[in-house]
Amino acid sequence: MENKAIAKIFKLYSQLMELFDENPFRTKAMASASFKIDKLPFSAAGVTIDQLSTQPGIGKSTAEKIITILETGSFPELDNLIAQTPQGVLAMLTIKGLGPKKIRSIWKDLGIESIGELLYACNENRLMEAKGFGLKTQEEIRKSIEFSNANQGLFLYAKVEKIAATLLGSLVSHFPDQQHVFTGDMRRKCEIISSVDILTTCSISEIQSFLREMPAYTAEEQQDTAVQLSDELGVRYRIQTTSEERFAIDLLITTGSETHIRELQTIRRTLPTFASEEAIYEALGLSYIEPELREGAGEINWAKNGQLPQLITYADLKGTLHNHSTYSDGVHSLEQMAMYCKDELGLSYFGICDHSKTAVYAGGLSIERVKEQWIEIEQLNQKLAPFRIFSGIESDILSDGSLDYPDDILAKFDFVVASIHSNLRMDEEKATQRLITAIENPYTTILGHPTGRLLLSRPGYPIDYKKVIDACVANQVVIEINANPLRLDLDWRWQRYALEKGILLSINPDAHRTEGLTDMQYGVYVARKGGLSPERCLNAFSLEEIEQYFAKKKR
DNA sequence: GCCGTTTTCGGCCCGACTGTTTTCAGTCG
C-alpha cells in the first residue's frame with residue numbers, strides 16, 4: 001500500500017474522531033500523522049516500526065496502526081467508528097464546505113442520515129433550523145451536493161488509465177492474434193471519462209466467454225455487437241466488436257467525438273471504408289487528424305486547409321517549471337528533484353517554485369528562506385552544470401491582486417509563477433480583476449492554475465477567460481497548463497483562443513515529489529487537445545532559448 | 001496521541017475567511 005492510501009485512512013480516522021467529539025488533541029494528532037505520512041520521503045511499507053516511530057509526528061501508537069493497516073487494510077479503532085456511522089453520513093464527508101462538526105449537527109440534531117435526505121432538507125429550507133446554519137450555508141451545501149451528483153459515474157483520466165489498461169492487457173494476452181484498442185473518450189484523452197471504450201476484432205461470443213473468466217467485472221448490458229460492463233469501483237466499460245475489414249472505420253466512428261463525426265458526414269454522408277484512418281481522411285480530402293483534436297472545434301477546417309498544428313509530444317519537453325521541494329510542502333529536496341530531472345527524465349533544466357510566505361499551511365518561504373534557497377541553487381548549478389536550476393517562486397496572488405514579496409525580492413527570481421490559493425469564493429468580476437492585477441505586475445512570468453478548479457471536486461472560481469487571456473497577451477505573461485490530473489487548468493477548450501492571440505503556454509507538473517514530475521504527460525494530452533505545438537510551449541524551449549526568454553522578460 | 005522535559009506529565013494549538021453570531025465556530029488551502 002502506498003503512503004497516500006495510508007494517509008487517507010488516518011485522515012478518515014481523524015474526521016470520524018471529530019465527528020464523535022473525541023479529544024481534540026488526539027484528533028489533531030491523527031490529522032497531523034496523516035499529513036506526515038503523506039510527506040514521508042520513503043515508502044512506509046518498506047521500513048520497520050522503529051523507523052516509523054522516530055519520524056516527527058509519528059509515535060509508537062501511530063506506527064503500530066500503520067503496520068496494522070499494511071497487514072489488514074485498516075485498524076480496530078477505525079473499524080469501530082465506521083461501524084457506528086451510517087453509510088450516508090460517511091458519504092457527507094466528501095461534500096465541500098461540510099466538515100465533521102456540521103455533519104454531526106445534521107446527523108444528531110436533524111436526524112439526517114444520507115446525502116439524498118440532506119438535499120431534500122436544503123430544498124425544504126429545513127437546514128436553517130439547525131444551530132450554526134443559515135441561508136448561505138444551506139445554499140452552499142445544496143450547490144455542493146448538486147455538483148457532486150452531476151459527477152456521479154465520472155472518473156479522472158489519470159485514475160482510470162491504469163485500471164483500464166488491465167482489462168485491455170487481459171484481452172491482448174487472451175487473444176494475441178486479434179486487434180484491441182482504446183477508443184472513444186479514452187483515445188481522445190479526455191480529462192474526464194464516463195466510459196472506457198474498447199474496440200476489438202474478437203467476436204461477441206469470444207468476448208462473452210472471456211468475461212466469464214473475469215469475475216471482477218459485472219455485465220450491464222448485451223447488444224449484438226457490444227457489451228457493457230462495470231467494475232467494483234463503478235467504472236463503466238463498453239467493448240465493441242468489429243471485423244478486420246471494418247476496423248479502421250469503426251475505430252474512427254467510435255473514437256468520435258459525435259460532433260467531429262457529424263462534421264465529417266457533412267463532407268460525405270456515408271463515411272468510406274478503408275484499411276486505415278489516414279486513408280479515410282484522405283478520401284474526404286483531409287489530412288490525418290490526431291484523435292485528441294477530434295472535438296469539432298475547428299480541426300476539420302484546419303485539416304482541409306493544411307493548417308493542422310504539429311502537436312506537442314512528451315519528448316518535446318526540455319525542462320520543467322513550477323515544482324516544489326522540502327523548502328515548502330514538497331516531499332523531496334531541491335537536489336533530489338533536480339537530479340531526478342537531470343538523470344531520470346533527461347531534461348536540461350528545472351524550475352523550483354516553492355510556496356510564498358502567505359501560504360503558511362504549506363510552509364511558504366520567508367524572505368530569509370528564499371535567500372537561503374538562492375544560495376543552494378547557485379551551488380547546485382555549479383555542481384550540475386550544464387544542467388540548470390532556475391530560481392522561481394509560486395507567489396500567492398493576494399486578495400487585492402498584489403504579489404507576496406516586495407519588488408526588490410521579486411526582481412531577483414529568474415521567474416515568478418503567480419497563483420491564487422486563498423479566498424477562492426469570488427464572483428467573476430472580482431476574480432477576473434484580481435487575476436488581471438497580478439498579470440499586470442511586471443514580475444509575473446507565468447499565471448498559475450488560472451481558475452483553481454479541482455476536477456470532479458471543486459468547480460473553481462468563475463473568470464472572464466477572454467479578458468484574462470487578453471491581459472496575458474498585453475503583458476507577455478505565459479499561461480500555465482497545470483498538469484496535475486486533478487487540475488488540467490487552463491482548460492484545453494480555451495487554449496485555442498489563447499493560441500490564436502499568440503500566447504505562450506507552459507506545461508507545469510506542480511510536482512511535490514519526484515514521481516509527480518511525470519504528471520507532465522497529462523498536461524501534454526490536454527495540450528494536444530488544445531492544439532499546442534512545441535514552439536508555443538515555454539518548457540519545450542531549449543536551455544539557451546529559455547534563458548534568453550527569462551532575461552528578456554526581466555528587462 | 002505526540003513531544004520534550006525543569007524527563008512520565010502537561011501543554012500542544014496555522015490563519016484567513018465566512019457565516020452566524022453579537023464574540024465565535026467551522027472549514028479550507
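So you know, we letter chains A, B, ... as the sequences are listed, proteins then strands, and number each from 1.
Judged by distance alone, with hydrogens and angles left aside, the side-chain atoms of Arg434(A) form a donor-acceptor pair with the main-chain N or O of Ile397(A) at under 3.5 Å. For Thr437(A) (side chain) and Gln433(A) (main-chain N/O), a donor-acceptor pair under 3.5 Å exists by modelled atom type. The backbone N or O of Met128(A) sits less than 3.5 Å from a side-chain atom of Gln138(A), completing a donor-acceptor pair.
On the C1' atoms, dT5(B) is 10 Å away from dG10(B), given to the nearest whole Å. The separation of dT20(B) from dC14(B), taken at their C1' atoms, amounts to 23 Å, rounded to a whole angstrom. For the C1' atoms, the distance linking dC12(B) with dT23(B) amounts to 24 Å, nearest Å. dC13(B) sits 23 Å from dC17(B) when the P atoms are compared, rounded to a whole Å. dG26(B) sits 24 Å from dG11(B) when the C1' atoms are compared, rounded to a whole Å. Comparing dA16(B) with dG4(B), their P atoms are spaced 27 Å from each other, to the whole Å.
Taking a cutoff of 4.0 Å between a charged side-chain nitrogen and a carboxylate oxygen, Asp491(A) and Arg453(A) qualify as a salt bridge. In summary, Glu191(A) and Arg493(A) engage in a salt bridge, as defined by a charged side-chain N under 4.0 Å from a carboxylate O. Salt-bridge check for Asp38(A) with Arg513(A): passed, with a basic side-chain N closer than 4.0 Å to an acidic carboxylate O.
Per the geometry, CG belonging to Asp21(A) stands 13 Å off P belonging to dA25(B), to the nearest Å. With rounding to whole Å, His355(A) atom NE2 is found 9 Å from dG29(B) atom C1'. The NE2 atom of His421(A) sits 19 Å away from the P atom of dG15(B) (whole-angstrom rounding). When rounded to the nearest whole Å, the span between CD of Glu64(A) and C1' of dC2(B) equals 14 Å. For Lys60(A) and dG1(B), the NZ to C1' distance is 13 Å, given to the nearest whole Å.
Side-chain proximity of Arg458(A) to the nucleotides dC17(B), dG29(B), dC13(B) is greatest for dG29(B). For Lys96(A), whose side chain is taken as the heavy atoms from C-beta onward, the closest listed nucleotide among dG1(B), dC28(B), dT18(B) is dC28(B). The Thr62(A) side chain lies nearest to dG1(B) when the options are dG1(B), dC28(B), dG19(B). Set against dT18(B), dC2(B), dG26(B), the side chain of Asn423(A) has dT18(B) as its closest nucleotide.
Ser61(A) comes within 4.0 angstrom of sugar-phosphate atoms only, judged by non-hydrogen atoms across all strands, and of no base. In this structure, Gln55(A) reaches the sugar-phosphate backbone alone: every heavy-atom distance under 4.0 Å involves primed, P, OP1 or OP2 atoms, never a base. Using a 4.0 Å heavy-atom criterion, one finds that Pro100(A) contacts the sugar-phosphate atoms exclusively. Within the nucleic acid shown, Thr358(A) has no heavy atom closer than 4.0 Å to any nucleic acid atom.
Across all strands shown, dT8(B) remains unpaired; no Watson-Crick or G-U wobble contact has both distances below 3.5 Å.
Looking at which nucleotide of DNA chain B each of Glu18(A) and Gly132(A) is closest to, the 5′-most match is held by Gly132(A). Of the two residues contacting DNA chain B, namely Leu98(A) and Val360(A), the nearest-nucleotide position lying further toward the 5' end is that of Val360(A).
Lacking a ring centre under 5.5 Å from that of the base six-membered ring together with a plane angle below 30°, Phe133(A) does not count as stacked on dT20(B).
Of the residues in residues 134-144 of chain A, those placing a heavy atom less than 4.0 Å from an atom of DNA chain B are Gly134(A), Leu135(A), Lys136(A), Thr137(A), in numerical order.
Side-chain contact check for Glu429(A) and Thr432(A): no donor-acceptor pair (N or O, by modelled atom type) lies under 3.5 Å. A side-chain N or O of Tyr497(A) and one of Asp470(A) form a donor-acceptor pair less than 3.5 Å apart.
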